[in-house]
S.K.: 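Structure provided below as C-alpha cells; questions to follow.
All values below come from the heavy atoms of this structure, side chains included, with hydrogens, waters and symmetry mates left out.
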Amino acid sequence: MEHRESQDVQDHKRSGDLQLGHKGQAVGEQQGSRAATELQGSQAVPEPRENQGVPEPRGSQPAASGPAAPLRRGYTTGACAAAAAKGAALLLVTGEAPPSVEIDLPAGFRHTFKLTGGQRSSRETAVCATVKDAGDDPDATHQARIEAAVSWRDGPGVEIDGGKGVGRVTKPGLPVAIGEAAINPVPRRMILEAVSEVLEEHGAARGMRVVISVPEGEAIALKTLNPRLGILGGISILGTRGVVTPFSTEAYKASVVQAISVAAAMGNKQIILTTGGSSEKYAMAMFAELPEEASIQMGEYVGFSLEHAKAFGVRKITLVGMAGKFSKVAQGAMLIHSKNAPVDFSFLAKTAAESGADNELVEEIAAANTASQVVDLMTAAGNSAFFEQLCLHACRHCLKHMNGGLTVEMVLITMKGRVLGRAEIRG
C-alpha cells in the first residue's frame, strides 16, 4: 500500500519511540496526552522485573564503585531510515553510492551515518542501507540493517511506504492509520526532508518513492510488543529525536502510555496493570475474558500509569502483582523501585496487627528482612485478612492519587500465581 506524505504528516512534531526493555519494542505517539508527547524519544529501557522472590534486604545500599564510564548514545530506526533514504536518493540521481551521508536530527544537530549495500539496478531504482547502532542501550533493533529502496515517480513529491520487515498497523490508537506501514510521523518527516534535500540540490523535476525495509524485522518483532499493539509483519520505524538515550526511563513510560492508548482505542473500559512478565502471565490467565491489549506491564510506574489510564477514559483498573512490590503501594508509594520506596516493615507489622496477628508474629514481621519473608510468615499463620487489608490500603492510595472517579481492584499473588488477597473499591 502506497502512502503519500501529506501536510498533516509533515506537521507532526513528535512521535513514539517506545521499546519495552532489551527484548521489546513498542511504538507510538498518543493523541490527546501531553505527557505522552513529552516523554518519548529513546529506543529502549530496562525490562521491568518481578521481585517477590528476590530478597530486598532491609537497609540495602548500592555497592560502592568508581566513576562510571559515560554511556554511548545511539540513533533511532527513524534516523537510520532517513539516512539510508538520502543515500539511495543520491545514488539514483548521481549514479555514485556515497560512503556516508549527513542528516539533520530533531535533537538539534547533524550526524553522519555510514552507508552500505549501495546498488542501482537501473536508472529508475536504487537501494542503500545503514546498520543501526543503538549505542549502549539494550535495544532489540541494535545492529539491524535498515534499507531504503528509492525509485522515480512521474509526478513531484515524495511517497513513503514500508517493505519487508516493517510492520503494518491493524489496530486503532496509534499515530499511523490502520493499513499503513508502521513508520511514525517524525521518521516520515525526516525521510521526506532528507530525500527532498537531494531533489532540490540536484534540480530534479520528478519526485521519488521510498520503501523502507528491515530484512530481519519480522524476526525482531517477535521479541517486541508490536503484535499485541496490532503491528504485524515487522518492527516499527521510530524516533522523536533521532537519538537513543541509554536506559531511558522516559521511553518505558511512553511505552506504557502507548499501550494504554491502544487498549482504550479498542474499547476496553477495564485494564490490567502488572509489574512484569511473571505477574502479567498469571493476570492474563485470571482475566481470560479480557483481550490481550488490556494487559499492560507498567513496571514500577504505578502513579504514572494510573493517571494516564484515567485520562484515556478507563473505568476500572486492576493491579495484579506480588507483595514485594505492591506492599509499597499499600503504604502509599506510587513509584515502587527499591531506590525510591524501600519496604516499610513497621507498616507491615502494623497491618498484621490490624488483621488479628498475635504480638509474637507482629514482632517477627517488624524484624523481617524481606517482603517474601513476611508473605511466608502470614501464609503459614493462615492470615488471609492481612493480604486483604494490604489490598484495601493499596486501592485507597491509588484512588487518592487519581482523585477518584473510577474503580480500582488489587490482586496479590505468589510467584506461582496463587491468589493471596483481593479487594476492590469504587471511587
Side-chain angles (χ1 to χ4, degrees), residues 16 18-21 24 26-30 32-40 45-51 173 225 228-229 248-266 268-280 283-284 287 290-322 324-338 340-341 391 394-413 424-425 427:
L18 316 174
Q19 292 192 325
L20 179 58
V27 300
E29 174 183 308
Q30 298 67 245
S33 171
R34 179 170 177 265
T37 56
E38 289 178 347
L39 291 173
Q40 298 169 19
V45 291
E47 186 172 315
R49 294 173 297 172
E50 307 287 5
N51 83 333
L225 285 181
R228 182 179 302 183
L229 296 178
S248 169
T249 58
E250 285 78 7
Y252 190 83
K253 287 181 177 180
S255 71
V256 172
V257 177
Q258 180 63 79
I260 294 171
S261 171
V262 170
M266 293 295 289
N268 292 287
K269 294 301 181 183
Q270 179 183 0
I271 63 169
I272 312 298
L273 296 178
T274 62
T275 56
S278 297
S279 56
E280 183 183 61
M284 292 176 74
F287 296 91
L290 295 179
E292 186 181 42
E293 70 268 3
S295 183
I296 297 159
Q297 291 187 34
M298 66 176 173
E300 295 145 354
Y301 305 105
V302 179
F304 177 87
S305 303
L306 294 171
E307 294 164 12
H308 283 83
K310 182 178 180 181
F312 276 105
V314 174
R315 303 306 305 155
K316 181 176 180 178
I317 301 171
T318 299
L319 298 95
V320 179
M322 300 164 197
K325 289 285 189 182
F326 283 161
S327 66
K328 301 175 185 181
V329 180
Q331 69 195 41
M334 291 290 121
L335 178 62
I336 55 176
H337 191 281
S338 58
N340 302 90
C391 291
C395 289
R396 292 188 188 107
H397 281 298
C398 289
L399 286 168
K400 181 180 179 181
H401 184 82
M402 295 182 291
N403 296 316
L406 69 169
T407 299
V408 174
E409 180 182 24
M410 171 69 73
V411 184
L412 288 181
I413 60 174
E424 178 179 313
I425 299 179

S.K.: What closest approach, in Å, do Asn268 and Pro291 show between heavy atoms, and which atom pair accounts for it?
M.R.: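 In terms of heavy atoms, the two residues are closest at OD1-CG, 3.0 Å.
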S.K.: Nearest heavy-atom pair of Gln297 and Tyr252: which atoms, and what distance?
M.R.: O-OH, 2.6 Å
S.K.: Side chains of Met334 and Val329, heavy atoms from C-beta outward: is any pair under 4.5 Å?
M.R.: yes
S.K.: His397 and Gln331: side-chain donor and acceptor closer than 3.5 Å?
M.R.: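 Their side chains do not contain a donor-acceptor pair, so the 3.5 Å distance test is not met.
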S.K.: In Å and rounded to the nearest 0.5 Å, what is the NZ to OG1 distance from Lys328 to Thr275?
M.R.: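 If I round to the nearest 0.5 Å, the distance is 10.0 Å.
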S.K.: Kindly indicate whether the side chain of Ile271, heavy atoms from C-beta on, has any atom under 4.5 Å from the side chain of Phe312.
M.R.: no
S.K.: Kindly compute the distance separating OG (Ser295) from CD (Gln270), expressed to the nearest 0.5 Å.
M.R.: 10.5 Å
S.K.: Looking at Leu229 and Ala259, what are the two nearest heavy atoms and their distance?
M.R.: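 It is CD2-CA, 4.0 Å.
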S.K.: Nearest 0.5 angstrom please: Cys398 SG to Leu306 CG, how far?
M.R.: 4.5 Å
S.K.: Spell out, as yes or no, whether a donor-acceptor pair under 3.5 Å connects the side chain of Ser261 to the backbone of Gly173.
M.R.: yes
S.K.: I would like to know whether Lys316 and Glu424 meet side-chain contact (heavy atoms from CB on, under 4.5 Å); could you show each step before the answer?
M.R.: CA-CA 10 Å; Lys316 181 176 180 178; Glu424 178 179 313; 3.0 Å; yes
S.K.: How long is the gap from CG on Leu319 to CD on Glu409, to the nearest 0.5 Å?
M.R.: 9.0 Å
S.K.: Please answer whether the main-chain N or O of Cys391 pairs with a side-chain N or O of Arg396 as donor and acceptor at a distance below 3.5 Å.
M.R.: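 Not at all, since once roles are kept as given, no pair shorter than 3.5 Å links the two residues.
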S.K.: What is the minimum heavy-atom distance between Gly299 and Ile336, and which atoms define it?
M.R.: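 Taking every non-hydrogen atom into account, O-CD1, 4.4 Å.
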S.K.: Output the distance between atom CD1 (Ile260) and atom NZ (Lys310), rounded to the nearest 0.5 Å.
M.R.: 14.0 Å
S.K.: Once you round to the nearest 0.5 Å, how far does CE of Met298 lie from CD1 of Ile272?
M.R.: 11.0 Å
S.K.: Please answer whether the main-chain N or O of Ala264 pairs with a side-chain N or O of Glu293 as donor and acceptor at a distance below 3.5 Å.
M.R.: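 No.
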S.K.: Please determine whether side-chain contact (heavy atoms from CB on, under 4.5 Å) holds for the pair Ile425 and Val408, giving the CA-CA distance in whole Å, both sets of side-chain angles, and the decisive distance to 0.1 Å.
M.R.: CA-CA 6 Å; Ile425 299 179; Val408 174; 5.8 Å; no
S.K.: Set out, in order, the CA-CA distance, both residues' side-chain angles and the distance that settles side-chain contact (heavy atoms from CB on, under 4.5 Å) for Lys325 and Ser279, then state yes or no.
M.R.: CA-CA 11 Å; Lys325 289 285 189 182; Ser279 56; over 6 Å; no
S.K.: Which word best sums up how the rings of Tyr301 and Phe304 line up, parallel for under 30°, tilted for 30 to 60°, or perpendicular for over 60°?
M.R.: perpendicular
S.K.: Can you name the nearest heavy-atom pair linking Ile317 to Leu406, along with the distance?
M.R.: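 In this case the closest contact between Ile317 and Leu406 is CD1-CD1, 3.5 Å.
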S.K.: For a 4.5 angstrom cut-off between non-hydrogen side-chain atoms, does Gln258 reach Leu225?
M.R.: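 No; the side chains remain at least 4.5 Å from each other.
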